[in-house]
Structure formats: structure tokens, C-alpha cells
Amino acid sequence: MKKIILASNSPRRKELLTGLDVDFEVRIIKGIDESYPDTLDVTEIAQYIAQKKAAPYTLDDNEILLTADTVVVVGSEVLGKPRDADDARRMLRMLSGRTHQVITGVCLTTPARQRQFSVVTQVTFKPLSDEEIAHYISCYRPFDKAGAYGIQEWIGYIGVTGIEGSYFNVMGLPVQRIYEELQHMD
């Protein structure tokens with residue numbers, strides 16, 4: 001198998017990729033623009049950004065670059081990473097008592113070709129109290145997570161009442177689908 005280059009500093013993505021028992025190296029190019037056109041359908045945003053993240057990399061023939069982006073969609077609003085505690089509170093209140101989508105776009109790139117896909121998971125939260133939201137924000141500081149939450153943390157334990165699709169996708173990397181796609185990249 002070719003050498004996998006993970007273009008992410010996310011500890012969760014590193015942990016999940018490690019779980020596939022594949023050798024990989026982390027390689028980061030800082031300052032990549034993650035904006036997207038306002039006209040883009042919400043279901044296409046994560047994949048668009050994942051492809052955009054891949055563009056500046058130069059690869060050797062034996063390398064596969066893995067880039068990914070995760071967004072949370074509630075109603076028609078896209079939730080990225082919260083700017084601060086107030087923004088996290090706003091996001092968690094939006095998710096409270098509702099079902100939302102977690103969409104991770106993935107781009108696998110070699111010097112010769114590129115495969116892109118998105119994985120969608122439906123997540124349902126119970127109604128969250130202001131106290132539960134405040135506790136989570138102050139104790140877990142979810143500022144590096146789309147939608148202001150990590151399903152693998154306390155808020156997921158007490159708040160998630162249902163999930164349809166990949167649990168690992170909600171953590172930020174749909175490893176089962178990535179494994180399948182990597183089988184076709186040699």
C-alpha cells in the first residue's frame with residue numbers, strides 16, 4: 001500500500017486513522033483558505049473544502065493524501081467551529097431537542113488521480129438544559145469541533161438519543177468508508 005499523508009492536526013482524526021492499522025504521516029500546510037461559495041448546497045460544503053485543502057500539496061508517486069472537513073447542518077444552517085463560548089452556547093441551543101446532520105467530506109489524492117466523497121450521519125439530541133450546556137462548554141471547551149460538540153465526550157453520553165449512520169463520521173473521519181476507498185487507490 002502507498003504511504004498515507006494525513007493533512008490534519010486533529011487528534012481525533014489521528015486516533016481514528018491509527019485504528020485502521022495503516023502507516024501514515026501527518027503533513028500540514030498552514031493558512032489554507034477554507035471559505036466556500038454562498039451558492040454551494042449545504043450538502044456539498046464539506047467535500048468542497050476537503051478538495052480545497054488538498055490543492056496546495058505536492059505528492060510523491062507512492063503517496064496518498066487524505067484531507068477532510070466536517071460540518072454540522074441543522075435546518076438549513078451550517079455550523080462550523082464556534083468562535084467563542086457564546087457561539088458554542090448558541091450552537092448547542094440550536095441542536096438541543098433536534099436532529100441534525102454531520103457531514104464529512106473526504107478527498108483522497110495521488111499525483112495521478114483524486115477520489116472525493118461525503119458521508120452523512122443523522123444525530124438526535126435530547127433537549128439540553130442551560131446548565132448542561134454551560135457545564136460542557138466550561139469543562140470540555142469544544143472550540144475545535146464543528147457544531148461545538150464531540151459525540152465521544154460528556155455531552156454525547158448524556159445528550160445523544162439517536163444516531164443513524166457512522167459514529168466515527170461524527171467524530172470527524174468516516175474510517176470504514178475511507179478503508180473501502182483506499183482499497184481502490186493502489
Side-chain angles (χ1 to χ4, degrees), residues 8 10-17 19-20 34-53 66-107 115-181:
S8 175
S10 164
R12 290 163 303 283
R13 287 192 177 130
K14 291 176 196 172
E15 174 188 350
L16 291 170
L17 196 55
L20 284 182
E34 295 185 23
S35 64
Y36 54 88
D38 292 339
T39 56
L40 202 60
D41 187 276
V42 295
T43 61
E44 298 172 357
I45 292 170
Q47 188 171 317
Y48 177 89
I49 295 172
Q51 183 180 17
K52 203 170 177 182
K53 288 178 177 179
L66 190 164
T67 55
D69 193 73
T70 301
V71 296
V72 170
V73 179
V74 59
S76 61
E77 186 168 345
V78 176
L79 305 181
K81 297 173 185 172
R83 292 179 304 279
D84 53 29
D86 288 339
D87 198 30
R89 190 172 300 104
R90 176 189 69 82
M91 290 181 184
L92 290 169
R93 284 183 179 142
M94 286 181 71
L95 300 175
S96 178
R98 297 177 71 182
T99 299
H100 62 276
Q101 295 181 314
V102 177
I103 305 171
T104 301
V106 177
C107 187
R115 293 177 74 90
Q116 304 166 42
F117 58 90
S118 291
V119 174
V120 180
T121 304
Q122 305 284 336
V123 180
T124 303
F125 267 99
K126 74 171 188 127
L128 299 168
S129 70
D130 288 343
E131 292 79 18
E132 289 166 335
I133 290 171
H135 172 77
Y136 179 65
I137 293 169
S138 67
C139 293
Y140 292 88
R141 307 193 51 79
F143 307 116
D144 67 336
K145 298 171 181 74
Y149 79 93
I151 195 168
Q152 73 281 9
E153 295 176 337
W154 180 83
I155 199 81
Y157 293 6
I158 66 102
V160 173
T161 61
I163 182 170
E164 183 180 329
S166 169
Y167 172 83
F168 298 112
N169 183 53
V170 182
M171 285 180 65
L173 203 61
V175 288
Q176 186 279 328
R177 177 73 184 273
I178 288 170
Y179 178 80
E180 293 297 321
E181 295 288 340

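Residues take their numbers from the sequence shown, with the count starting at 1.
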Closest heavy-atom contact between C107 and Q116? SG-CG, 3.9 Å

Apply side chain to side chain contact (heavy atoms under 4.5 Å, CB included) to S138 and list each qualifying residue two or more places apart in sequence or on a separate chain. none

Residue set satisfying side-chain hydrogen bond (donor to acceptor under 3.5 Å, both in side chains) with T121, at least two apart, ordered chain then number -> N169

Tell me whether the rings of W154 and H135 are parallel (<30°), tilted (30 to 60°) or perpendicular (>60°). perpendicular

Residue pair L173, E15: steps toward the side-chain contact (heavy atoms from CB on, under 4.5 Å) verdict: CA-CA 10 Å; L173 203 61; E15 174 188 350; over 6 Å; no

Those residues at least two apart in sequence (or on a different chain) that pass salt bridge (charged side-chain N to carboxylate O under 4.0 Å, His left out) with K14 are none

So, for M94 and R98, which heavy atoms are closest and what is the spacing to 0.1 Å? O-CD, 3.1 Å

Residues that D84 engages under side-chain hydrogen bond (donor to acceptor under 3.5 Å, both in side chains), provided they are two or more places apart: none

For K53 and A68, indicate whether the former's side chain and the latter's backbone hold a donor-acceptor pair under 3.5 Å. yes

Name all pairs fulfilling the ring pair (Phe, Tyr, Trp, His ring centres under 6.0 Å) condition that reach into residues 115-134, sequence neighbours left out, sorted by first residue then second. H100-F125, F125-Y149

Verdict with reasoning, I137 to L92, per side-chain contact (heavy atoms from CB on, under 4.5 Å): CA-CA 9 Å; I137 293 169; L92 290 169; 4.0 Å; yes

To the closest 0.5 Å, what do you measure between CG (L17) and OG (S10)? 10.5 Å

May I ask you to decide if G172's main-chain N or O and R13's side chain share a donor-acceptor pair within less than 3.5 Å? yes

Nearest atoms (heavy-atom pairs only) where P82 meets P142: CG-O, 3.5 Å

When rounded to the nearest 0.5 angstrom, what is the spacing between CZ in R12 and CD in E153? 7.0 Å

Could you work out, with side chain to side chain contact (heavy atoms under 4.5 Å, CB included) as the rule, every residue matching K52, not counting sequence neighbours? D33, S35, Y48

Could you pull out all residues at least two apart from D38 that satisfy side chain to side chain contact (heavy atoms under 4.5 Å, CB included)? none

T124: which residues meet the side-chain hydrogen bond (donor to acceptor under 3.5 Å, both in side chains) condition with it, sequence neighbours left out? T99

What salt bridge (charged side-chain N to carboxylate O under 4.0 Å, His left out) pairs are there with at least one residue in residues 169-181, not counting sequence neighbours? R115-E181, R177-E181

R93 and D130 ion-paired at < 4.0 Å: yes

Full working for side-chain contact (heavy atoms from CB on, under 4.5 Å) between I103 and I45: CA-CA 9 Å; I103 305 171; I45 292 170; over 6 Å; no

Got a sec, which residues hit side chain to side chain contact (heavy atoms under 4.5 Å, CB included) with E164, two or more places apart in sequence or on another chain? Q122

Once side-chain hydrogen bond (donor to acceptor under 3.5 Å, both in side chains) is applied, do any residues pair with S118, and if so which ones, sequence neighbours excluded? Q47

Hey, could you give me the CD/OH distance between Q152 and Y157, rounded to the nearest 0.5 Å? 8.0 Å

Check whether T104 reaches the backbone of T70 with its side chain - one donor and one acceptor, N or O, closer than 3.5 Å. no

Is there a donor in the side chain of Y36 and an acceptor in the side chain of E44, or the other way round, less than 3.5 Å apart? no

Distance col, row E34:CD vs D69:CG, nearest 0.5 angstrom, shows 5.5 Å

For the student: nearest non-hydrogen atoms of V120 and Q101, plus distance: CG1-NE2, 3.7 Å

Consider side chain to side chain contact (heavy atoms under 4.5 Å, CB included). Of V160, L128, L79, which one does L95 pass it with? L79

Scan for salt bridge (charged side-chain N to carboxylate O under 4.0 Å, His left out) pairs involving residues 72-82, sequence neighbours excluded, and state none if there are none. E77-R90

Between atom OG of S8 and atom CG of L66, what is the distance when rounded to the nearest 0.5 Å? 8.5 Å

